[in-house]
There are 2 protein chains.
Amino acid sequence: MFSRAEENYLKAIYHLEQQIQGEVSTNAIAERMDTKPSSVTDMVQKLAEKEVLSYKKYKGTLLTPNGRKIAANVIRKHRLWEVFLVEKLNFQWDEVHEIAEQLEHIQSDELVSRLDRFLGNPDFDPHGDPIPDKHGNVKRTEKKLLSECDKNQRGVCVGVKETSAEFLQYLDKRKISIGTKIKVLGKEFFDGSMIIQVGGDQFFVSQKIAENLYVQTN
Amino acid sequence: MFSRAEENYLKAIYHLEQQIQGEVSTNAIAERMDTKPSSVTDMVQKLAEKEVLSYKKYKGTLLTPNGRKIAANVIRKHRLWEVFLVEKLNFQWDEVHEIAEQLEHIQSDELVSRLDRFLGNPDFDPHGDPIPDKHGNVKRTEKKLLSECDKNQRGVCVGVKETSAEFLQYLDKRKISIGTKIKVLGKEFFDGSMIIQVGGDQFFVSQKIAENLYVQTN
DNA sequence: TTTTATTTTTAGCCTTGTCTAAATATAAGG
DNA sequence: CCTTATATTTAGACAAGGCTAAAAATAAAA
């Protein structure tokens, strides 16, 4: 069993590994966890003992397959709870992180599996991030900003970057939400604006909008 | 803010106060929490400092109104989550305690209030225990066993004592669940069996059944 | 290649919540 | 009322996780 603190370290290292693509430094972990490097050293040594990560003094750490699986499971729970909070309790997308941060540590495989079913086995959380499956595998389909899409490209809305009430309301009005299919009909290089198709409608979006909407292309 | 451990002590003392009806002894707390009396002394002194309970050496403790409110709030969360687990995730009545024991410590008033609404503002948990309101007030309507009811008395099913699958299935078959209204039509003193009315049906229940079903009378 | 700057680790201390063993109150029995 | 039994508290220790300050490695610059 892993303590709350240990789970949080594993999760942080998991995320940093993906960002940095390689060994994760002590300082990087300390910064992300908002603790001191000395505390990180201690914990990382303990986790190396438990064989969930490999650690060489002064060289950084990498999760072992087992450590990666544990981290992915915490993230799975975090994202499933986020879906619950938004879909069932009608929280806004940007209000759920802190609460999910607590809920992700509840220990019960049965609970997770039932929650997953209750939510309809979602693939993405309300921010558009993929939910790892029970084995820790993630559908790794790069999400990108709508503004990075080319003309005629199709994608599925999987999340937002900015989460202001105004922006969410704008999306509501345009009937854009998680899972909405979007096709880029045209792109104006001068101001970065686009014409997109959503369902039967097609309309204009400014660069500001396009830069804050994540889509998953295939 | 109160730590998980502190919340658990407050909850335990709250329950003991109700059972014992008076000052709660150090040993009683230790037994209920499965810790040593010396640990209890330490914690109780700390909680007295925080003015959530009053404590006189060698004399036992009593919650202050503030302490009682905090305890009731933890219990409120526990019972709301139990309702969620049973009603929404289809857990059995007897499978939910451990998980609720974890969920009760999640900190977010907004979450609790939304959960409450999502569940339809329930008054009782799946075991028939009353759910305190947000101010810590409990509808104190003594629940009693069906077997303790007199002839012609009416009551509402609020829970069970035994939670075996067989018993729950029996209740299912007889369409008895939380909220079901029951009227005692007759009582046989020789073997403790009863004839009761449930909805349109009336049928016979053995003493064993009547001794494991809680009803709330008014 | 030295010297300086940065990163990382070590050493020692703190808090929380627990424990054991010993000391002290209170309660019970003769 | 005195003695034994039980309940409770104190004292000292420990593990988890964190911090500070100082030491040691590594990296960067001269």
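In the text below, chain A, chain B and the rest are named by the order of the sequence lines, each starting its count at 1.
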- Between C/dT9 (C1') and A/Lys56 (NZ): distance, integer Å: 17 Å

- Message: Below the 4.0 Å mark, does C/dT8 have OP1 or OP2 next to a side-chain nitrogen or oxygen of A/Asn27?
- Response: yes

- Note on the structure: A/Asp34 CG to D/dC19 P, in whole Å, measures 8 Å

- Message: Side chain of A/Tyr55, heavy atoms from C-beta onward: which of D/dC19, C/dT9, D/dA7 has the nearest atom to it?
- Response: C/dT9

- Name the orientation class of the two ring planes belonging to B/Phe84 and B/Trp81 (parallel below 30°, tilted from 30 to 60°, perpendicular beyond 60°). perpendicular

- Query: Looking at the side chain of B/Tyr58, which of C/dT8, D/dC19, C/dT24 is the nearest nucleotide?
  - Reply: C/dT24

- Query: Are the side chain of B/Thr35 and the backbone of B/Glu31 linked by a donor-acceptor contact shorter than 3.5 Å?
  - Reply: no

- Message: Which is more 5' along DNA chain D, the nucleotide nearest B/Gln45 or the one nearest A/Arg4? Just name the residue.
- Response: B/Gln45

- Message: Expressed as a whole number of angstroms, how long is the span from B/Lys59:NZ to D/dT9:C1'?
- Response: 16 Å

- Message: Does B/Ser38 contact C/dT18 through a side-chain donor or acceptor facing the base, at a distance under 3.5 Å?
- Response: no

- Taking OP1 and OP2 of C/dT16, is either one under 4.0 Å from a side-chain nitrogen or oxygen of B/Ser3? no

- Quick note, B/Tyr9 side chain, CB onward, closest among C/dT9, D/dG18, C/dT18 is C/dT18

- Between A/Ile29 (CD1) and D/dG18 (C1'), how many Å, whole number? 16 Å

- Rounded interatomic separation in angstrom, taking NZ from A/Lys50 and C1' from D/dA16: 10 Å

- Message: If the cut-off is 4.0 Å, is A/Lys57 near the phosphate of C/dT10, judged by side-chain N/O to OP1 or OP2?
- Response: yes

- Query: What's the NZ-P distance between B/Lys36 and C/dT16, to the nearest Å?
  - Reply: 24 Å

- Task: Whole angstrom is fine here: how far is it from CE in B/Met1 over to C1' in C/dT15?
- Result: 19 Å

- Determine: side-chain N/O of A/Thr26 to OP1/OP2 of C/dT9, distance under 4.0 Å, yes or no. yes

- Query: Hey, does the side chain of A/Ser39 come within less than 4.0 Å of D/dG18's phosphate (OP1/OP2), counting only N and O?
  - Reply: no

- Message: If the test is side-chain hydrogen bond (donor to acceptor under 3.5 Å, both in side chains), which one of A/Arg4, A/Lys11, A/Lys77, A/Arg79 qualifies with A/Glu104?
- Response: A/Lys11

- Query: Hey, what's the ring geometry for B/His97 with B/His78, parallel, tilted or perpendicular (30° and 60° as the breaks)?
  - Reply: tilted

- Distance (rounded to the nearest 0.5 Å) between A/Glu188 CD and A/Met194 CE: 11.0 Å

- Task: May I have the distance from B/Met43 (atom CE) to C/dC19 (atom P), rounded to whole angstrom?
- Result: 11 Å

